[in-house]
Amino acid sequence: MFLTEQQTIEAKIKSFCDANNIPLAALEWKPIPFSGEWGISTSFFATAAAEARAGKKVVVPQRAQEIAEQVKGQMDTPGISRVEAVKGYLNLYFSTNEYAHRVVDTVLDQNTSFGSGPRTGSRVMLEFSHPNTHKAFHVGHLRGTILGESLCRILEFSGLDVVRANYPGDMGLHVIKWLWGYLKFHNGEQPPADITKWMGEVYAEATRRLEENPDLEAEVRLVYARWDQRDPEVVALWERTREWSLEGFRQMYAALDIHFDKYYFNSQEEKPGKEIVEELVRRGIATDERPEGGAVVVKIDEALGLTKEQFRTSVILRSDGTALYATEDLALVKHKFADYPDLAKSLYLVDVRQSLHFTQVFKILEIAGYEQAQQCGHISYELVTLPGNVVMSSREGTVVLLEDLLREATSRAKEESRKKNPALTEEQLDSVAKAIGLGALKYPILARENTRLVTFDWQSALDFNGQAAPYIQYAHVRCNSILRKAEDMPDVGQPALSSSKGSTFNYELNPAEIQLIDMISRFPGEVQRAAAEYKPLTIATIAYEIAKAFASFYDACPVVQASPQVREARLRLVAATKQTLANALRLLSIEAPEVM
RNA sequence: GCCCCUGUAGCUCAGCGGAUAGAGUAAUGGACUUCGAAUCCAGUGGCCGUGAGUUCGAAUCUCACCAGGGGCGCCA
């Protein structure tokens with residue numbers, strides 16, 4: 001925002017150093033880490049250190065300070081209110097009013113696109129969620145799903161074109177088990193309204209029955225054999241029940257406000273996968289150990305001539321010739337690039353336990369000369385466990401069902417809303433409860449480092465206080481309240497907020513006001529960082545910081561009751577805050593309600 | 001045995017080479033006749049797992065070790 005000034009100053013520093021024979025090192029600009037007055041700073045430690053290395057007898061911090069002081073004398077730049085040299089740093093403070101109006105005007109001009117980057121024309125695919133059909137959808141699956149949606153929004157906003165891909169596991173041993181259980185215990189039944197939950201129950205029952213009576217395994221194997229031979233009855237049943245699951249997923253994604261552009265299914269990758277395996281064997285990259293009773297494997301370390309084990313050996317086809325996930329993933333990589341030849345990156349958001357699997361799949365294709373494998377990447381995230389370090393498993397029934405959690409969160413939110421704001425109609429309450437409940441659920445997931453294990457407990461999941469979505473939403477609501485109130489005043493109204501008008505902060509700004517403007521100004525940078533590092537956490541944090549700064553501002557600075565001149569500037573600031581919060585929440589896939 | 005992740009305030013977590021390491025939470029004390037108190041303000045709370053190294057400067061980078069978790073030929 002002050003790039004021109006920064007460049008001018010940098011040029012001045014350079015010419016000063018040249019004139020005085022000081023070998024200036026590259027300058028890095030950072031915001032001054034103190035609130036209340038805004039500015040940028042740079043340091044001379046690197047330069048002083050270089051002098052020391054060159055043989056000059058100097059104490060580095062002292063020398064840095066010396067240079068800073070000398071340079072300070074040279075500074076006289078419009079837009080910069082004052083300059084100071086402290087502890088080796090050169091601090092340049094912006095003229096506060098100038099700074100304030102630039103930030104606020106920028107936000108109001110750009111409104112819904114404030115914070116977004118220029119379109120790069122580059123396209124990436126992100127695969128996420130990949131639920132298993134014929135199984136329950138639980139809180140363990142929620143993390144990747146929530147994270148994926150947010151990441152897509154962030155990548156898109158940062159300037160990329162994004163393809164959102166889903167890859168449901170629609171065939172495998174778990175599906176066969178389910179079909180067997182259905183035929184045996186629920187034949188002919190139709191699913192109730194809550195499809196996914198019911199599908200999960202049928203699966204859990206099948207697993208339980210099999211554990212109680214292992215002799216039944218033979219029946220399951222029979223179903224598998226019938227599937228392999230494409231027995232029309234089994235295929236038809238599979239198709240019908242698979243559709244039930246997919247319908248359940250669609251409902252759930254709609255409830256969570258999650259979207260996909262493209263679905264891939266592992267059942268479709270089976271054949272092409274086997275063809276790739278054959279090719280790899282033919283070319284001597286894979287070893288067919290089936291004659292000796294083994295499987296088809298790729299000894300990756302050996303192929304690369306590595307002596308230390310690193311990529312290890314990957315099994316790409318079972319000894320009985322049936323496909324594994326690895327078989328299908330080989331095909332999927334190619335399938336994606338065939339569909340979208342211009343993909344700059346093909347990303348897989350999958351939990352950390354599959355790290356080795358993906359490095360192996362990509363490496364094998366690379367060895368086979370498939371160059372686009374190098375554009376593939378695995379973004380890993382840690383699991384959600386239950387207290388006591390229990391991993392959620394639909395087989396063992398140690399799960400917290402998403403349906404239950406959603407219901408609980410929204411009903412808690414509704415109760416709270418009714419208490420806090422009795423004026424709301426029942427209809428409003430429902431929509432507010434959905435926004436608050438879902439937000440409260442999503443935020444803690446997004447506000448945590450991807451690589452960090454999350455322990456699920458009801459209490460913190462349903463906690464609406466502190467650093468949480470409702471706090472941010474509340475700030476948005478309060479912005480809205482102020483703007484609404486101002487609109488009703490005859491001498492204010494909307495004209496004050498028109499983007500052509502321009503903000504005039506020609507009074508002494510309150511520190512809270514400056515802090516708020518500062519936070520808003522950081523948003524675009526945080527978007528770029530979040531996209532580059534695949535970290536929604538960054539957005540979750542800045543959204544909270546803005547809300548927090550607004551809460552202090554709200555307390556310290558009257559808006560509608562201020563003098564007309566101050567009121568107008570602050571109204572524009574409030575509108576800018578509301579817009580920035582809304583943009584940030586949108587990236588997190590969290591609603592920004594007008595009332596709550 | 002090899003590889004990956006995590007260790008920061010009582011608890012949950014930010015901070016990713018720079019100035020005095022920050023939030024939330026819990027506990028304490030204040031602030032509603034004023035734009036919505038789901039809020040704000042104040043003090044309290046720290047050998048940044050341990051030990052070396054790199055650097056003018058390390059919670060941050062490198063190595064070793066300790067502790068916890070995960071992954072390593074036919075699960076997904």
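Because the structure is a prediction, the values reported are computed rather than measured. A note on names: the letters A, B, ... follow the listed sequences, proteins ahead of strands, and every chain is numbered from 1.
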Next item on the list: Pick the C1' atom in B:U20 and in B:G29, then give their distance to the nearest Å.
Entry: 25 Å

Notebook entry, point to check: Heavy-atom contacts under 4.0 Å between residues 318-327 of chain A and RNA chain B, which residues?
Noted result: A:R318, A:S319, A:L324, A:Y325

Check: OP1, OP2 of B:G15 versus side-chain N and O of A:T541: anything below 4.0 Å?
Finding: no

Next item on the list: Determine the interatomic distance between P on B:G45 and the same-named atom on B:G57; round to the nearest Å.
Entry: 30 Å

Next item on the list: For B:U20, take OP1 and OP2 only and decide whether either is under 4.0 Å from a side-chain N or O of A:K87.
Entry: yes

Notebook entry, point to check: Could you write nucleotides 57-70 of chain B as a row of B, S and -, 5' to 3', where a protein heavy atom under 4.0 Å of any base atom gives B, of only sugar-phosphate atoms gives S, and otherwise -?
Noted result: ------------SS

Next item on the list: Flag the pair A:L27 / A:F44 as yes when at least one side-chain heavy-atom distance between them is below 4.5 Å, and no otherwise.
Entry: yes

Next item on the list: Examine B:U39: is either OP1 or OP2 under 4.0 Å from a nitrogen or oxygen in the side chain of A:K548? Give yes or no.
Entry: no

Notebook entry, point to check: What interatomic distance, in whole Å, is found between P of B:U6 and the corresponding atom of B:C61?
Noted result: 10 Å

Notebook entry, point to check: Do the ring planes of A:Y348 and A:F358 sit parallel (below 30°), tilted (30 to 60°) or perpendicular (above 60°)?
Noted result: tilted

Check: Rounded to the nearest Å, what distance is computed from the CD atom of residue A:E416 to the C1' atom of nucleotide B:A38?
Finding: 7 Å

Next item on the list: Would you kindly give the CD-to-P distance between A:E449 and B:U12, to the nearest whole Å?
Entry: 17 Å

Margin query: Please determine whether a side-chain nitrogen or oxygen atom of A:R448 lies at a distance below 4.0 Å from atom OP1 or OP2 of B:U12.
Written below: no

Next item on the list: Figure out the CZ/P separation between A:R412 and B:A38, and round it to whole Å.
Entry: 16 Å

Next item on the list: Kindly indicate whether the side chain of A:S43 and the base of B:A19 share any N or O donor-acceptor pair separated by less than 3.5 Å?
Entry: no

Notebook entry, point to check: Which value, in whole Å, describes the distance between the C1' atoms of nucleotides B:A59 and B:G7?
Noted result: 11 Å

Notebook entry, point to check: How far, in whole Å, is B:A26 from B:U12 if one measures between their P atoms?
Noted result: 15 Å

Next item on the list: Ignoring backbone atoms, test whether A:S460 places a side-chain nitrogen or oxygen under 4.0 Å from the OP1 or OP2 oxygen of B:U12.
Entry: no

Margin query: What's the separation between atom CG in A:N266 and atom CG in A:L324, rounded to the nearest 0.5 Å?
Written below: 11.5 Å

Next item on the list: Using the C1' atom on both, measure B:C13 against B:U50 and round to a whole Å.
Entry: 23 Å

Item checked: Student check: side-chain heavy atoms of A:T359 and A:Q310 closer than 4.5 Å -> no

Next item on the list: Pull up the glycosidic torsion of B:G73 and say syn or anti, syn being anything within 90° of 0.
Entry: syn

Next item on the list: Give a yes/no on whether any side-chain N or O of A:K308 is located under 4.0 angstrom from OP1 or OP2 of B:G1.
Entry: no

Check: With no hydrogens and no angle check, is any side-chain donor or acceptor of A:T538 less than 3.5 Å from a backbone partner on A:E526?
Finding: no

Check: Does a side-chain N-to-carboxylate-O contact under 4.0 Å join A:R63 and A:E66?
Finding: yes

Notebook entry, point to check: Charged N to carboxylate O under 4.0 angstrom, A:D430 versus A:K434?
Noted result: no

Margin query: Does this structure show an ion pair linking A:R570 with A:E513, if we count only N-O contacts that are shorter than 4.0 Å?
Written below: yes

Note to self: Testing A:K578, A:R484, A:Q428 one by one against A:E594 for a side-chain hydrogen bond (donor to acceptor under 3.5 Å, both in side chains), which residue passes?
What the structure shows: A:K578

Margin query: Parallel, tilted or perpendicular: which one describes the rings of A:F553 and A:F550, with boundaries at 30° and 60°?
Written below: tilted

Check: When the P atoms of B:U60 and B:C48 are considered, how many whole Å apart are they?
Finding: 11 Å

Check: Is there a donor and acceptor pair, one atom on the side chain of A:R312 and one on the base of B:C3, closer than 3.5 Å?
Finding: no

Next item on the list: Determine if the base of B:C65 is syn or anti; take syn to mean the glycosidic torsion is within 90° of 0.
Entry: anti

Next item on the list: Rounded off to whole Å, could you give me the CG-to-P distance for the A:D555 and B:A42 pair?
Entry: 11 Å

